[in-house]
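Worksheet for the structure shown next.
Source: prediction; values computed, not measured. Remember, it's 1-based here, ligands and their atoms both numbered in the order they're listed.
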Amino acid sequence: MFVEWKDIEVNLDSFNLKLDLSINKGELVTLLGPSGCGKTTALRIAAGFLQPDKGDFILDGINMNKIPPNKRNIGIVFQNYALFPHLNVEDNIGYGLKARNIKKSIIKDEVNFILDSLHLKDYNKRVISQLSGGEKQRVALGRSLAIKPRLLLLDEPLSALDADLRKRLRYEIKSIQEEFKITTLYVTHDQEEALTVSNRIALLKNGRLQQFSTPTQLYTKPKNLFVGKFIGESNYIILENRKLFFRPESVKLGKSQENSINFKGEIVKSEYLGHFSRGVLKTKDNLINVISYNHLHSGEYHVDYKDIIEF
Ligand SMILES: Nc1ncnc2c1ncn2[C@@H]1O[C@H](COP(=O)(O)OP(=O)(O)OP(=O)(O)O)[C@@H](O)[C@H]1O
């Protein structure tokens, strides 16, 4: 394992985090979960801003517990940029290299390479105050990449940006992360962001890891109801004393003969969204969310057993 939170325990006033988590080299892992679940706490342990009460944080085989933040060679990007306003773009990106007394000509080449990768070619002399939010965030990313960190920590890096820009930048972050092959811990409370950028997602609730798996596994094979409901849309109904969980897209039109549960009902709510429709099917006992590529209408529906999880 390249990065490891090993038997970590943190006790804050009214919060307790227990964490065992590891990241492979070159992997992007997202910490996801509702507000207050402990995402930032886990990240602060990695950065060295917080000492765990128990356990070890290990990076590349070395126990980091006693190593101060500035000696860990970890890059961090926060949501609020934290750039130096009095320095231009190239000096911001080259800052960490200059502090390491690296030759000017080497810094220049490195900064240009990074600017190129971040689609910020020729931005060298631009002043920070005149950049857009997205550009500032790319410069912040560039500054962390320049020091060739062993681990990159991204703490809600896109939350200060508008929805469109967030979508564009998350793809950019992913492709840069892959290009630089940089091991990354990404913290977000946005499930869509987590699903699109991650190799694996660690979903936390109240300081406990609920599931650690690929986005597909998390969506299709949630280990408990919390995970199932947190990711995507879902149905959870009780039928003949059985608690059944299934996704709206698993509800299919028509009656099925075998290995499925049949419903008969009326579509009481329906939205046409172009390439698909979303609606609510009212049966005798339940309201069931339905998503379909066809227009929705009242009648017989079924869900195959293979698409149902019993919790
Ligand atoms: N220094 C501290 N002293 C006491 N309690 C703290 C401290 N820092 C954080 N907490 C508490 O620990 C819990 C977890 O906080 P944390 O910031 O890790 O959550 P989070 O998952 O990052 O939430 P958010 O998405 O809102 O940022 C919260 O209940 C918070 O109030």
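In this structure, atom 25 (O) of ligand 1 has a protein heavy-atom contact shorter than 4.0 Å. Under the 4.0 Å distance rule, the nearest protein heavy atom to atom 31 (O) of ligand 1 falls outside the cut-off.
Other residues, nucleotides and ligands contribute over 12 non-hydrogen atoms within 6.0 Å of the CZ atom of Phe226.
Heavy atoms of Gly33 come nearer than 4.0 angstrom to ligand 1 in no pair at all.
Judged by the 6.0 Å distance and 45° axis criteria, Arg143 is not positioned over the aromatic ring of Tyr95.
In terms of protein heavy-atom proximity, atom 23 (O) of ligand 1 is closest to Gly36 N, 2.8 Å. Of the protein's non-hydrogen atoms, Leu12 CD1, 3.6 Å is the one closest to atom 7 (C) of ligand 1. Nearest protein heavy-atom neighbour of atom 13 (C) of ligand 1: Phe15 CG, 3.4 Å.
Close N/O approach between Asp13 and ligand 1 is not found [any backbone or side-chain N/O within under 3.5 Å]. In terms of polar-atom proximity, Ser35 is counted as a contact of ligand 1, with an N or O under 3.5 Å from an N or O of the ligand. Any N or O atom pair closer than 3.5 Å counts here, and Thr40 shares at least one such pair with ligand 1.
The closest non-hydrogen atom to atom 18 (O) of ligand 1, taken over Leu31, Thr41, Asn206, Asp155, comes from Thr41.
Side-chain contact between Asp7 and Glu9 is absent, with no heavy atoms from C-beta onward closer than 4.5 Å.
Glu90 has a carboxylate O that lies under 4.0 Å from a charged side-chain N of Lys125, or vice versa, which qualifies the two as a salt bridge. Between Asp307 and Lys252 there is a salt bridge, since at least one side-chain N of the basic residue sits less than 4.0 Å from a carboxylate O of the acidic one. The pair Arg242-Glu310 meets the salt-bridge criterion, since a charged nitrogen lies less than 4.0 angstrom from a carboxylate oxygen.
Glu193 and Tyr186 share a donor-acceptor pair across their side chains, judged by distance under 3.5 Å alone.
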